[in-house]
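The structure under discussion appears below in the form of structure tokens.
Keep in mind that this is a model prediction, so the values were computed, not measured. Protein chains get the first letters and strands the later ones, always in sequence-line order, with residue 1 at the start of each.
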There are 2 protein chains.
Amino acid sequence: MTEQLKTYFGNNFQTTPTEVEKLVSAFKEKSVKKNETLISKGEVCRYAYFVCKGSVRAYFIDDDGQEATRYIALENQFITTVHSFIAQTPTNEFIQATEQSELLQISYTDFKKLIEETTLAKDLYNKQLEVAYVTNHWRVESFLKMSAKQRYDFLIEVNPAIIQRLSNKIVASYLGITQESLSRLKVQK
Amino acid sequence: MTEQLKTYFGNNFQTTPTEVEKLVSAFKEKSVKKNETLISKGEVCRYAYFVCKGSVRAYFIDDDGQEATRYIALENQFITTVHSFIAQTPTNEFIQATEQSELLQISYTDFKKLIEETTLAKDLYNKQLEVAYVTNHWRVESFLKMSAKQRYDFLIEVNPAIIQRLSNKIVASYLGITQESLSRLKVQK
DNA sequence: GAAAAACATTGACAAATGATAAAAAATCAC
DNA sequence: GTGATTTTTTATCATTTGTCAATGTTTTTC
């Protein structure tokens, strides 16, 4: 599993074997079952996770008790409740495994220390902030300019794995519509 | 005008007068008329702007030719096309003054240099990325869990200036609805 | 492997929002 | 200031999406 993370760093950053070793050794393996919750609303988020296998989502619960999924991480992606992790303040989101998953987790304390010590950790931090920004930016755009049908079609196009592997319920909560509406969109295709 | 930026840095960052002076002196004053365009789709974004007076928005044009407003900056806020500015790649957005405005602009070249030289510029960069992230994050949440009416009511609550100062057309494009729908929402209040 | 629970689909209807058009009001340009 | 342009409001109708309820299907649990 750590090999996978090493490869990821090698492919995505300008770095050295020493730095990679140092950073990777701060990650610990964690196996989670489907539906297992990693972080809950009200907690301070202590970990960031790298998905080696499986999938993990970040969601929150709105005033009507409905779940809304903000982000879904598949293999080779990081996931955390960004603001809570960075600022060490309570989060309003939940993080949950959507399939049986193999993860690598790093603690805030270790990560903070490594940011001071290695440029790789610093670069990772900046890149992840940027990725998170771009992801949300894109989602805002999609809500501003697309209908539910268009958002669904687009998701099939750019990230079919989400639709293939996750339940209708989760996909609907990610698209911002009800399950029933999603069921209908799939038919009227 | 530079006084305003100095005050802003003093209030929001741990820094020294020397650093503030160095960073602020890289900004140049720019007066813009209402509706003046600062950056257009297809261009590489060379500047980030600090709004001293007035208001500026970032918007894009969807496939139907409709404008959709992603972000509105009022006094004492920064605005730029984040990804284009950071990565120096072409943007798909426009940046436009929504009122007669007094701005301070800094070039990418100068900013990049200052990030290496002063911790204030580095801190500003990180903080702006974080603010941008939180802003978009919040917008995603609002689309996932609120109706158009709820988004409007919420905007009145947290940022009434946007509704008071900007045209219906722009507010509607910011909420992701048509002008006509916005007109109706205001009545059925 | 059977019972229970969770999830997905479908139908009927309601509510929200969009599209189009026309009139009223506000703003702009000269 | 006045005519031209743009913006806002209002009305009607169409479309999209939500709600509720019933049923079928899949998954989980013991």
Contacts of B:Asn35 and B:Glu180 projected onto DNA chain D by closest heavy atom; the upstream (5') one is B:Asn35
In whole angstroms, how far is the [atom2] atom of [N] from the [atom1] atom of [X]?
X        : N      : atom1 : atom2 : result
B:Lys34  : C:dA26 : NZ    : C1'   : 11 Å
A:Lys145 : C:dG18 : NZ    : C1'   : 19 Å
B:Ile177 : D:dT8  : CD1   : P     : 13 Å
A:Leu182 : C:dC7  : CG    : P     : 14 Å
B:Asn168 : C:dA25 : CG    : C1'   : 12 Å
A:Lys169 : D:dT27 : NZ    : P     : 15 Å
A:Leu185 : D:dG18 : CG    : P     : 9 Å
B:Glu67  : D:dT6  : CD    : P     : 13 Å

Hey, does the side-chain of B:Arg151 have a donor or acceptor N/O within less than 3.5 Å of a partner on the base of C:dT17?
no
Using a cut-off of 4.0 Å on non-hydrogen atoms, how would the nucleic acid contact of A:Ser167 be classed: base, sugar-phosphate, or nothing?
sugar-phosphate
Is the centre of the A:Phe50 ring less than 6.0 Å from the centre of the A:Tyr8 ring?
yes
Kindly say whether the aromatic ring centers of B:Tyr108 and B:Phe85 come within a distance under 6.0 Å.
yes
Heavy-atom pair of closest approach, residues B:Leu175 and B:Arg151:
O-NH2, 2.8 Å
What heavy-atom pair brings B:Thr69 and B:Arg139 nearest, and what distance separates the two atoms?
O-NH1, 3.2 Å
For [X] and [N], is the shortest distance between a side-chain N/O and OP1 or OP2 below 4.0 Å?
X        : N      : result
B:Ser183 : D:dT8  : no
A:Thr178 : D:dG18 : yes
A:Ser181 : D:dT17 : no

The residue, A:Leu166 or B:Gly176, whose nearest nucleotide of DNA chain C is more 5′ is A:Leu166
Counting only side-chain heavy atoms from C-beta out, which of C:dC7, C:dG11, D:dT8 sits nearest to A:Arg184?
C:dG11
Is there a donor-acceptor contact under 3.5 Å from the side chain of A:Ser101 to the main chain of A:Ala97?
no
